[in-house]
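To start, the structure itself, in C-alpha cells.
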Amino acid sequence: QIVKIMTGIRKRVTVGFLSIVVLLFFSGLVSLFELNNMSGDIDSILSSNRRSIELSENLLDAIREYDRAVINYAVFRDSMYTDSCRVCYENFSSKIAQAQSQATKSAAPLFDSLQMVASQLRDVVDDLRKNRRIENLLKLDNMSGGALSFDGRTWYDRRYLPAYNAASSSIMRVMSH
C-alpha cells in the first residue's frame with residue numbers, strides 16, 4: 001500500500017510539474033505574441049517621431065534661412081536680399097503648411113498660433129521692404145557720404161527679433177506637442 005501511495009504522489013507531482021511546464025510554455029507563447037504586436041506599435045511610434053523631428057528641423061532651417069536673408073537686407077543693407085526675404089518667407093510658410101498637413105488634430109491650435117506669429121514676422125519685414133528704406137538709404141548714402149538715419153541693427157533688435165523669437169518659440173511648442 002505504501003508503494004501505491006508513493007506511485008500516487010509521484011503521479012501527482014509529475015502531473016503538477018508537467019502542468020506548470022505547459023502553463024509556462026503557453027505563457028511564453030502569449031508573451032512572444034504580445035511583444036511582436038508591441039514591436040509593430042513601437043516601430044510606428046518611432047517612425048512618427050522621426051517624421052515629426054524631420055518636419056521640425058525643416059521649420060527651424062526655414063526660419064533661420066529667413067533670418068539670414070533679413071540680416072543681410074536690413075543690417076548689412078544689401079538690397080539684393082529684398083526678393084530673398086520674400087522667397088525665404090514663402091519657403092517657411094510652405095514648411096508650416098507641410099507640417100500642419102501631417103500633424104494630428106490636437107496640434108491644430110498650435111499651428112494656428114504658429115501661422116499667426118509667422119504672419120506678424122512677415123509683416124515686420126514687409127513693412128521695411130515696402131517702404132524701400134534700405135534702397136533709398138543706399139542711394140542717399142552714395143550721395144551724402146554716409147550719414148544714414150536708419151539703423152538696421154536697432155530695427156533688427158527692436159522690431160524683428162521679438163517677432164523672430166516668438167516664431168521660434170511657437171515652433172518649439174509645436175515640436176514638443
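Since the model is a prediction, treat every value here as computed from it, not as a measurement.
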Could you report the tightest heavy-atom contact between [X] and [Y], atom names first, then the distance?
X	Y	answer
R173	S113	NH2-OG, 4.2 Å
R64	Y164	CG-OH, 3.9 Å
A103	A107	CB-CB, 4.1 Å

Does a side-chain heavy-atom distance below 4.5 Å link [X] with [Y]?
X	Y	answer
L114	F111	yes
I9	V13	yes
L59	F92	yes
V124	Q120	no
V174	Q100	no
Y160	L128	no

### Task
Identify which one of V75, V70, L161 satisfies the side chain to side chain contact (heavy atoms under 4.5 Å, CB included) criterion when paired with W155.
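Among V75, V70, L161, the one meeting side chain to side chain contact (heavy atoms under 4.5 Å, CB included) with W155 is V70.
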Do you reckon [X] sits in the same ILVMFWY cluster as [Y], going by side-chain contacts under 4.5 Å, direct or chained?
X	Y	value
V125	Y89	yes
M172	I96	yes
L18	L23	no

I'd like to know if the side chain of [X] reaches the main chain of [Y], judged simply by a donor and an acceptor atom lying under 3.5 Å from each other, with no hydrogens or angles considered.
X	Y	result
T14	R10	yes
S52	S48	no
S169	N165	yes
S19	V15	yes

From [X] [atom1] over to [Y] [atom2], what is the distance, rounded to the nearest 0.5 angstrom?
X	Y	atom1	atom2	value
I63	S170	CD1	OG	9.0 Å
I71	R153	CD1	CZ	10.5 Å
Y156	F76	OH	CZ	10.0 Å
S94	N58	OG	CG	9.5 Å
L110	M175	CG	CE	12.5 Å
S39	L32	OG	CG	12.0 Å

Salt bridge between [X] and [Y], side-chain N to carboxylate O under 4.0 Å?
X	Y	value
R86	E90	yes
R68	E65	no
D61	K95	no

### Query
Would you find more than 12 non-hydrogen atoms of other residues, nucleotides or ligands less than 6.0 Å from Y81 atom OH?
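Check fails, neighbour count at 12 or below.
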